[in-house]
Each structure stands twice: as structure tokens, then as C-alpha cells.
Chemist: 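If you scroll down you'll find the structure; I have some questions about it.
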Amino acid sequence: MTIPSNNAFLPDDVLSGKEKRLFLSSALLSWYNQNGRDLPWRVRGAHPNPYVVWISEIMLQQTTVKTVIPYFYRFLERFPDISALANADIDDVLLLWQGLGYYTRARKLHECAQFLNQNNGGKFPETYSELLKLPGIGPYTAASISSLAFDKREAVVDGNVIRVISRLYGIAESTAVSLPEIKTKAQDLMSETRAADYTSAIMDLGATVCTPKNPDCSVCPFEGECEALARNLIDEIPKIEKLQKINKIGKLFWIENESGDVFIRKREEAGLLHGLTEFPWEAVEGNDEMLNKISFPIPNADWVDTGKNVRHVFTHINLTLKIFKTKVLENEADLKNLMKTGGQFVSKDNFKDYPFSTLMKKVVKAVESDGNSDSKKRNSKKAKSVESKTFCDFE
DNA sequence: AAATCGGGGTC
DNA sequence: GACCCAGATTT
């Protein structure tokens, strides 16, 4: 595309810059008209219900569309509006959130609903700056609600936008450094007449065309203007710094009483998996020998190593838990000491009433397996290590 | 600026 | 296995 320079009184770069942006924005919206995704929380143009936009945006943080969809339907059915959510018990909110991760999101969602109900007439503010003040709403979500629900010209910057913009303009520095520039360019590119659709469009482009690996540049509306493509830098841009993980190993204690009920407890309200239900466990950084440091929770109990392992990968932790069981706990002193640590015995049939993390669900699955059900997985790895012969690995 | 906070899809 | 997803909050 040739950019016409039809105004001799303005510097070429300024004029062509603005015209180029208009061209790109127009091309993006045309592409979106034909290729935009239909999603449960989406309409064309501004969305009439900011609550729907809000719930979807919070759920979608660091989460894939496919994962979110069933959670979204369940949540909207159970909590159809701000008032319903505000009046709910936080534990009921967590119950619907279990398995979705980043549980702070659920807590802030609940806080925010209560705040809006009490202080803002149960309605969302429409401006970026007001939205930004709300619990759980940061720069991305403030811009997304403002643009998607109220058609304000506030550009979102998420992983998709970072990728699209940094490739389009050939920005090769680390994204942590170039973020302000990316934000400016995304804002400049934003449509002046179709703000909501622009937001959906640039994210759809990043999700379906300008993908991290093997982007389909041949169908991209920016194909002819993309710096990264022209300079063969698609695989180098964006440059994202990776964080490193630590390895932790620990013990999990599966405790049953005479009735076959299992001991569970509630995690603290801060930190990893906060507020969720768990079986007692403790982990330390390091390797197998570190296990000697862990003796919780009943020093004198007759612990049996089940030989079962559960592995779980968090954002910054690789965790391996070895599962230990007691025989039926009937010693009164042990029982008393255990109850002092905080928790309760619950029937397995009632697990569904408590919010468990995926990690704990793996534990349940491991304990309930007979030890042979994973032979197929073990066989596939039999040459790898002694460990995989010795333990059942649930992953 | 760097660390913390889940879980799952994809390559 | 590595990457990274519609990021926010704390340190």
C-alpha cells in the first residue's frame, strides 16, 4: 500500500504516520468483520451489560478462552448480576472458581461487587481512571471494560496486543522495556469510531493469526506493513524474559478416622491457594533428603508411605508431594492433637461442597487409585528412571 | 524492577 | 518439556 502524501504543509512523516495508522486500523476492523470470533461474552459494538464484560475479563486473565467458557456459563447462571454476587458467600464464589487458578481474582471480584453495590448504586463507572480504582481491576481490565462496554477509546495492552504491536513495528527490545512504547502505539492505532470492536479485533488477531508460534501472516491484515515479517524477525519478537522455577518436595498426610472420613483443613487467607480446602501437606525446597525435615502433623502416628507421588507445576514452583497415610486414627491423644491444628473430618461424598485446588484433586485421584491403574503411564516411561517404577506419578 | 500467584492448551 | 495465555498485586 502506498501512502499518499497530499498535504505539502505538514512533514511527511507526521502526515503519513497518521494516514498509515488510519489505514491499519481500517484494515484490522475489516478483517474483524469477516473473521472475528463469536464468544459467549461478546457482541458486535459496545456490550450492553458491563457485568458480563467484567466477569469474562477477570476470568480470562492469564487463562485461555477454551478453559474459561464453561466457568463463565456456570458463574453467570449462579450470579447473574452485581447484586447477586455481592450478596453471595465468598466460599460459594470459590466453589465455582475451583480449578480456574489465581484465586485472588475470585476474592477481588467479590470485594468489587460489594463495593459497587454499597458505594456506586450497583453500577460500574465508565471511565478508565475510575475503573482502575476498583479491586482486582488493573490497567488492562480498566481499559477493556471502558472500551468493550462503554465504547471509550482506551486501548488494552495484553499478551496479544504486545505481540501484534511489537511485531508490526519491529520492536525488538525486552517487552518490560518497550511496554510504554507499545502502549502508545496501540493507543494511536485505536479506531476513533469503533472502540469496542477495535479492542476485540486486535485481541482476536493476536489469538488466531499473530500467534506466538507459526503465525499465519498470509491472512494478516498487517502483512504488507509488518516490520518483523519484512525483516524476518517474527520468531525473535516479542522478546520475553522468562522467570526461573524452583523445585520443592514435600509430604502430604491422608488421615482417616473410624468412619472413613478424611481430615481436611482450610488454607490461610493469604498466599498460595489461599482460602481453599486441602489435606495437610508441607513442602520444602530441595531434593529427597529434605523430606526428613517434615514431620507434621502427628509425630507419633504410624505413617505409611503409600509410594504414590503427585507432581504439580505452578507458575514458579515444580512441586512433588509424597502421599503418606495413617492407619485408622483412634488414639485419643493423637486425635486431639490433630484437631488442635485446625480442620475437620469430612466424608468423601461431601468433598464436592468444598473448594479444592487441582493439586488436591490429583491427590484424591491418586489415593483412590489401586496402584495399578497407571501402569500404562508407567510403562511409557519405564526406561527413564527408578523413580517412575517406584512411584505412581499423577500429572 | 522483581516476585508472587494456577492451571491447562499447544507446539 | 517449554511456552504462554484477555494480568493484578505485593515487595
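Per chain, numbering begins at 1; letters A, B, ... match sequence-line order.
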Chemist: Which letters describe nucleotides 4-11 of chain B, given B = protein heavy atom under 4.0 Å from base, S = only from sugar-phosphate, - = neither?
Modeler: BBBBS--S
Chemist: Checking all strands, does Pro238(A) fall into the base, sugar-phosphate, or nothing category for heavy-atom contacts under 4.0 angstrom?
Modeler: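 Since no nucleic acid heavy atom lies under 4.0 Å of Pro238(A), the category is nothing.
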Chemist: Within 45° of the ring axis of Phe324(A) and under 6.0 Å from its six-membered ring centre, is that where the NZ or CZ of Lys251(A) lies?
Modeler: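 Yes.
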Chemist: Could you state the CG-P distance from Asp235(A) to dC3(C), rounded to the nearest angstrom?
Modeler: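 For the pair Asp235(A) CG and dC3(C) P, the rounded distance is 13 Å.
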Chemist: Would you say dA6(C) has OP1 or OP2 under 4.0 Å from some side-chain N or O of Arg42(A)?
Modeler: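 Answer is no, no contact under 4.0 Å.
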Chemist: May I have all residue pairs that pass ring pair (Phe, Tyr, Trp, His ring centres under 6.0 Å) and include part of residues 110-132 of chain A, sequence neighbours excluded?
Modeler: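 Ring pair (Phe, Tyr, Trp, His ring centres under 6.0 Å) check on residues 110-132 of chain A returns Trp54(A)-Phe124(A).
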Chemist: Can Phe279(A) and Phe351(A) be said to form a ring-ring contact (aromatic ring centres under 6.0 Å, His included), step by step?
Modeler: CA-CA 11 Å; Phe279(A) 313 102; Phe351(A) 282 177; 5.7 Å; yes
Chemist: Name the nucleic acid region contacted by Trp41(A), choosing base, sugar-phosphate or nothing; use a 4.0 angstrom heavy-atom cut-off, strictly under.
Modeler: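 Here Trp41(A) touches the bases of the nucleic acid.
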Chemist: Which value, in whole Å, describes the distance between the P atoms of nucleotides dG6(B) and dT11(C)?
Modeler: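 Nearest-Å result for dG6(B) against dT11(C) at atom P: 15 Å.
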Chemist: Could you check how far CD of Glu241(A) sits from C1' of dA3(B), rounded to whole Å?
Modeler: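 Spelled out: CD on Glu241(A) to C1' on dA3(B) is 13 Å.
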Chemist: Contact class for Leu39(A) vs. all strands (heavy atom < 4.0 Å): base, sugar-phosphate, or nothing?
Modeler: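 Base, at least one base atom sits under 4.0 Å.
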Chemist: Report yes or no: does Asn287(A) contribute a side-chain atom to a donor-acceptor pair with the main-chain N or O of Glu289(A) at less than 3.5 Å?
Modeler: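 Pair absent, no side-chain N/O of Asn287(A) close to backbone of Glu289(A).
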Chemist: Can you check the Lys242(A) NZ to dA3(B) P distance for me, whole Å?
Modeler: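 Checked: the NZ to P distance equals 15 Å.
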Chemist: Are His316(A) and Phe314(A) an aromatic pair by the rule of ring centers under 6.0 Å?
Modeler: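 When the ring centroids of His316(A) and Phe314(A) are compared, they turn out to be at least 6.0 Å apart.
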Chemist: Rounded to the nearest angstrom, tell me the gap between atom CD1 in Ile182(A) and atom C1' in dA6(C).
Modeler: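 After rounding, the reported distance stands at 16 Å.
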Chemist: Can you tell me the distance, in whole Å, between the CD atom of Glu269(A) and the C1' atom of dT10(C)?
Modeler: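 Answer to the nearest Å: 17 Å.
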Chemist: Which is true for Arg107(A) with a 4.0 Å heavy-atom rule: it touches a base, it touches only sugar-phosphate, or it touches nothing?
Modeler: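 The residue Arg107(A) makes no contact with any strand.
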Chemist: Grab the NZ-P distance between Lys245(A) and dC4(C) for me, whole Å please.
Modeler: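 Those two atoms, NZ and P, are 12 Å apart.
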Chemist: Using a strict 4.0 Å threshold on nitrogen-to-oxygen distance, state whether Arg44(A) and Asp38(A) make a salt bridge.
Modeler: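 A salt bridge is present here (some side-chain N lies under 4.0 Å from a carboxylate O).
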Chemist: Excluding sequence neighbours, so at least two apart, what forms side chain to side chain contact (heavy atoms under 4.5 Å, CB included) with Thr141(A)?
Modeler: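 Here the qualifying residues are Glu57(A), Ile58(A), Gln61(A), Ile137(A), Ser144(A), Ile145(A).
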Chemist: Figure out the CD1/P separation between Ile69(A) and dA6(C), and round it to whole Å.
Modeler: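 Rounded to whole Å, this separation is 12 Å.
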Chemist: With rounding to whole Å, what would you report as the distance between dC5(B) and dC4(C) at their C1' atoms?
Modeler: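 One C1' to the other, the span is 15 Å.
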Chemist: If the C1' atom of dA3(B) is compared with that of dA6(C), how far apart are they to the nearest Å?
Modeler: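 Looking at atom C1' only, dA3(B) and dA6(C) are 22 Å apart.
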Chemist: Which part of the nucleic acid, if any, lies within reach of Val65(A) when heavy atoms closer than 4.0 Å are counted: base, sugar-phosphate only, or nothing?
Modeler: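 Base, at least one base atom sits under 4.0 Å.
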Chemist: Show, in sequence, the C-alpha distance, side-chain angles and deciding distance for Ser174(A) and Glu241(A), and conclude whether the side-chain hydrogen bond (donor to acceptor under 3.5 Å, both in side chains) test is met.
Modeler: CA-CA 7 Å; Ser174(A) 152; Glu241(A) 59 289 354; 3.2 Å; yes
Chemist: Hey, does Ser56(A) reach any base, or is it just sugar-phosphate, or nothing, if we go heavy atoms under 4.0 Å?
Modeler: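 Nothing, no nucleic acid heavy atom in range.
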Chemist: Using the side-chain heavy atoms of Arg37(A), tell me which of these nucleotides is nearest: dA6(C), dA8(C), dC3(C).
Modeler: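 The listed nucleotide nearest to Arg37(A)'s side chain is dA6(C).
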Chemist: How long is the line joining NZ of Lys239(A) and P of dC3(C), in whole Å?
Modeler: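 From Lys239(A) NZ to dC3(C) P: 14 Å.
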